[in-house]
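Below is one structure; the comments refer to it alone.
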Protein chains: 2
Amino acid sequence: MLISKSCVYGLRASLFLASKKNGEYISIRDMSEKLGISFHFLTKILQQLTAYGLMESYKGPNGGVRLSKPAGDIKFIEIVVAIDGDDLLNECVLNLPGCGSDTPCPLHESWSKTRESIKAMLENTSLEYLAKEGKNKNLRLSEVGNFDWE
Amino acid sequence: MLISKSCVYGLRASLFLASKKNGEYISIRDMSEKLGISFHFLTKILQQLTAYGLMESYKGPNGGVRLSKPAGDIKFIEIVVAIDGDDLLNECVLNLPGCGSDTPCPLHESWSKTRESIKAMLENTSLEYLAKEGKNKNLRLSEVGNFDWE
DNA sequence: TGTATTTAAGACAAAAGAGTCTTAAATATT
DNA sequence: AATATTTAAGACTCTTTTGTCTTAAATACA
Ligand code: FES
Ligand code: FES
């Protein structure tokens with residue numbers, strides 16, 4: 001998998017949040033049920049994103065989490081890097097230490113091009129855009145077929 | 001990592017073999033030392049490739065493994081699929097079951113394009129080309145800086 | 001103040017990936 | 001025939017990832 005499972009869960013939750021009213025706290029329990037992700041596991045992941053500054057949380061009744069910036073200002077790549085780190089964008093495809101044009105492996109040239117296109121895709125996509133698309137076209141965000149953006 | 005560690009080891013060994021005389025058996029011990037990969041682990045991986053039909057092995061003194069086809073006929077993607085499977089080329093980037101245009105996730109459009117470019121890169125590169133490039137330009141194939149293609 | 005709700009934190013368990021080690025089978029050489 | 005070399009096979013261990021569970025802390029509300 002290009003992206004770890006933890007990261008995927010974080011991304012799906014982020015998209016869910018991005019589709020909500022700005023500033024509204026959404027409970028993790030709610031999200032975990034709608035997205036079909038284990039509540040405790042999702043909690044742990046969102047804690048990371050909160051610690052990273054991408055989300056804000058609020059305890060107590062009607063508490064929950066929300067994005068700390070407008071969804072239009074959050075690029076997909078920020079979530080990925082926050083959870084998986086930036087290895088994907090820097091590492092040698094043959095896992096040799098220090099990928100770069102000074103000590104290239106035989107695949108360096110073609111891989112660095114491909115990697116740039118992955119990076120571009122992650123950098124050019126905002127949560128807002130994806131959430132709007134998802135909402136308008138009713139695209140799925142969970143395993144079960146009956147996901148609803150409301 | 002895009003490609004698993006086992007797969008990376010298999011790829012590095014394949015490139016090493018591709019740089020050798022066609023038909024020559026190379027001992028796994030030799031390769032493991034030159035490439036800096038655990039002998040037993042590499043053995044296990046090459047057994048998979050042998051079982052898959054991409055390599056042939058020969059036991060006993062002067063035994064070893066060799067590619068079962070000319071290196072020019074083996075595309076990078078064959079090794080990847082033999083070890084990691086074809087998930088990379090089919091899976092939804094959000095890990096939702098059944099990626100396809102009939103049940104797309106919000107990222108499907110951009111991801112399927114990116115995935116095609118990864119696929120194209122893996123399909124258009126032969127072991128022979130990479131091994132020749134590596135040999136000519138003396139590119140590295142191991143962690144230590146002093147790798148030598150001979 | 002007491003209780004219910006919600007995130008925070010961290011211990012714990014299960015599964016998968018990575019790596020090690022031992023023994024068996026095949027082959028070449030003497 | 002005996003021995004050395006090499007891959008085959010599989011048990012085993014270690015690490016990382018994934019997932020579960022329990023308890024603590026914060027907050028709202030009656
Ligand atoms: S050195 Fe291998 S991809 Fe850059
Ligand atoms: S359905 Fe998600 S990438 Fe195709």
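These figures come from a predicted structure and were not determined experimentally.
Residue B:Ser38 places at least one side-chain N or O under 4.0 Å from the OP1 or OP2 atom of C:dT20. Contact annotation: B:Tyr9 does not reach the phosphate of C:dA18 (side-chain N/O to OP1 or OP2, under 4.0 Å). In this model, the phosphate group of D:dG19 is approached by a side-chain N or O of A:Lys5 to a distance below 4.0 Å at OP1 or OP2. Phosphate contact (OP1/OP2 of D:dT7, side-chain N/O of B:Thr43, threshold under 4.0 Å): absent.
Ring orientation note: the planes of A:Phe41 and A:Tyr9 are nearly perpendicular, at an angle over 60° on the 30°/60° scale.
Rounded to an integer number of Å, the gap from A:Glu56 CD to D:dA26 P is 18 Å. Distance CZ (A:Arg29) to C1' (C:dT7): 11 Å, rounded to an integer number of Å. For A:Phe41 and C:dA14, the CZ to C1' distance is 12 Å, given to the nearest whole Å. Atom P of nucleotide C:dT6 and atom CZ of A:Arg66 are separated by 17 Å, given to the nearest angstrom. Between the CD1 atom of A:Ile45 and the P atom of C:dA9 there is a distance of 16 Å, rounded to whole Å. Rounded to an integer number of Å, the gap from NE2 of B:His40 to P of D:dC12 is 16 Å. Between B:Phe39 atom CZ and D:dT6 atom P the separation is 9 Å, expressed in whole Å. Put simply, CD1 on A:Ile26 is 18 Å from P on C:dT5, counting in whole angstrom units.
Judged by distance alone, the side chain of A:Asn124 and the main-chain N or O of A:Ala120 form a donor-acceptor pair under 3.5 Å. The main-chain N or O of A:Gly53 is found under 3.5 Å from a side-chain atom of A:Ser68 such that the two form a donor-acceptor pair. Checked by atom type and distance alone, the side chain of A:Trp149 pairs as donor or acceptor with a backbone atom of A:Leu139 at under 3.5 Å.
Residue contacts for B:Leu46: at a heavy-atom cut-off of 4.0 Å it reaches no nucleic acid atom on any strand shown.
Across the interface with DNA chain C, nearest-nucleotide mapping of A:Gln47 and A:Pro61 shows A:Pro61 to be the residue nearer the 5′ end. Between A:Lys59 and A:Met1, the residue anchored nearer the 5' end of DNA chain D, judged by the nucleotide with its closest heavy atom, is A:Met1. If A:Ile3 and B:Ser27 are placed on DNA chain D by their nearest nucleotide, the residue sitting closer to the 5' end is B:Ser27.
For the pair A:Arg29 and A:Phe39, the distance from NZ or CZ to the six-membered ring centre is under 6.0 Å and the angle to the ring normal is within 45 degrees.
Of the candidate nucleotides C:dA18, D:dC21, D:dT7, D:dT7 has the atom lying nearest to any side-chain atom of B:Ser57. Listed nucleotides: C:dA18, D:dA28, D:dG19. Nearest to the side chain of B:Ser6: C:dA18. Of the candidate nucleotides C:dG19, D:dA26, C:dA28, C:dA28 has the atom nearest to the side chain of B:Tyr58.
Contact annotation: side chain of A:Lys44 to base of C:dT7, donor-acceptor pair absent below 3.5 Å.
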